[in-house]
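Heads up, the thing below is written out as structure tokens.
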Amino acid sequence: MILPMARPEAPILVVDDDPKIAALVRTYLEREHFPVVTAADGESAVRALEDAAPRLVVLDLMLPGIDGLAVIRRARTMGDTPILVLSARGSTGDRVLGLTEGADDYLPKPFSPAELVARVRTILRRAERPGGATPNDVLAVGDLRVDIARHTVELEGRDIGLSALEIRLLWALLDADGRALSRDQALDAIHGVGEGDVNDRAIDVYIKRLRHKLGDDPLAPRFVATVRGVGYRAVGPVRREAV
């Protein structure tokens with residue numbers, strides 16, 4: 001099942017098996033006028049993804065039944081609904097793993113409810129107004145075409161279903177038009193300058209995931225090349241096309 005694009009009035013899905021935390025998150029989000037639905041386990045979370053088509057998911061990883069990582073993987077087969085992981089598993093390895101599986105951001109427990117709300121707003125702003133693009137913003141290289149305003153990426157005429165974060169990253173690389181972006185510059189492009197709590201090496205994880213979906217060989221890249229000691233750049237001449 002592929003989820004439809006979430007509407008602004010769609011709810012935020014909060015998934016946590018601790019009813020006190022779920023209630024706390026719900027209270028703070030509803031104070032900011034976000035509608036909220038909740039789920040207490042992985043199976044219920046997957047059903048809520050299908051039934052509620054949420055704007056965003058706040059997801060614990062340690063869930064009964066299907067764990068949070070499995071929920072992320074399932075969600076990514078259904079669409080690019082933004083996911084904010086909220087978990088007691090807060091090590092660097094856990095964060096990188098969550099981001100690798102397809103999460104958009106990661107907030108460790110214990111957490112500040114005010115920071116959670118701020119991150120939710122930031123993720124929604126990025127996802128729903130990607131890059132401040134206009135309807136005519138289309139970049140292409142070879143047989144790859146990125147329509148940032150419509151939030152689609154086509155390879156050989158086929159939609160390849162990148163996440164919102166991956167689309168922003170790919171757009172930033174193409175928009176640089178052959179110039180190399182440092183890891184910090186790439187992170188700023190997808191998370192916002194100074195926003196998020198992500199090590200700059202996380203960009204390597206994002207690039208690896210992006211290359212996998214593009215079928216891009218890092219040893220003979222068609223789209224994304226590594227610039228040793230600097231970061232990454234787009235390969236080939238980038239075209240700007242009218243819609």
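Position 1 is the first residue of the sequence; numbering continues from there.
Contact of the Phe223 side chain with the Leu210 side chain is not registered, since no non-hydrogen atoms from C-beta on lie closer than 4.5 Å. Between Arg211 and Tyr232, the closest side-chain pair of non-hydrogen atoms falls below 4.5 Å. In this structure, the side chains of Thr81 and Leu13 stay at 4.5 Å or more apart for every pair of heavy atoms. A 4.5 Å side-chain heavy-atom check between Tyr106 and Leu61 finds at least one atom pair inside the cut-off. Residues Ile83 and Leu56 form no side-chain contact, since every pair of their non-hydrogen atoms from C-beta on lies 4.5 Å or further apart. Side-chain contact between Leu84 and Leu59 is absent, with no heavy atoms from C-beta onward closer than 4.5 Å. Contact check for Pro64 versus Asp17: side-chain heavy atoms found under the 4.5 Å cut-off.
Only one option out of Asp60, Val15, Leu107, Ile72 pairs with Val85 in a side-chain contact (heavy atoms from CB on, under 4.5 Å); it is Ile72. Paired with Ile207 under the rule side-chain contact (heavy atoms from CB on, under 4.5 Å), one option of Leu173, Thr226, Asp216 passes, and it is Leu173.
Atom CG of Asp147 and atom CG of Leu139 lie 9.5 Å apart (nearest 0.5 Å). Between the CG atom of Leu155 and the CD1 atom of Ile160 there is a distance of 5.5 Å, given to the nearest 0.5 Å.
Without hydrogens or angle criteria, Arg179 side chain to Arg233 main chain gives no donor-acceptor distance under 3.5 Å. Side chain of Glu101 to main chain of Gly98: no donor-acceptor pair is present (N/O by atom type, distance under 3.5 Å, no hydrogens or angles). At distances below 3.5 Å, at least one donor-acceptor pair connects side-chain atoms of Arg239 with backbone N or O atoms of Gly142. Between the side chain of Thr77 and the backbone N or O of Arg74 there is at least one donor-acceptor pair closer than 3.5 Å. The main-chain N or O of Ala40 is never found under 3.5 Å from a side-chain atom of Ser44 such that the two would form a donor-acceptor pair.
Salt bridge absent: Arg158 and Glu154 never bring a charged side-chain N and a carboxylate O closer than 4.0 Å. A salt bridge is absent between Arg145 and Asp159: the closest approach of a Lys/Arg side-chain nitrogen to an acidic carboxylate oxygen does not fall below 4.0 angstrom. Checked for salt-bridge contact, Arg55 and Glu9 miss the test: no charged N lies under 4.0 Å from a carboxylate O.
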Next on the checklist: Let's go through Asp104 and Arg76 carefully: what are the C-alpha distance in whole Å and the side-chain angles of both, what is the deciding distance for salt bridge (Lys or Arg N to Asp or Glu O under 4.0 Å) to 0.1 Å, and is it a yes or a no?
Outcome noted: CA-CA 11 Å; Asp104 293 87; Arg76 287 295 164 255; 3.2 Å; yes
Next on the checklist: Let's go through Arg240 and Val138 carefully: what are the C-alpha distance in whole Å and the side-chain angles of both, what is the deciding distance for side chain to side chain contact (heavy atoms under 4.5 Å, CB included) to 0.1 Å, and is it a yes or a no?
Outcome noted: CA-CA 6 Å; Arg240 295 180 182 269; Val138 174; over 6 Å; no
Checklist entry - Could you walk me through whether Lys109 and Asp16 pass the salt bridge (Lys or Arg N to Asp or Glu O under 4.0 Å) check? => result CA-CA 12 Å; Lys109 297 176 181 178; Asp16 202 302; 2.7 Å; yes
Next on the checklist: For a side chain to side chain contact (heavy atoms under 4.5 Å, CB included) check, start with the C-alpha distance between Leu162 and Leu170, then their side-chain angles and the critical distance, and finish with the verdict.
Outcome noted: CA-CA 10 Å; Leu162 298 185; Leu170 182 57; 4.0 Å; yes
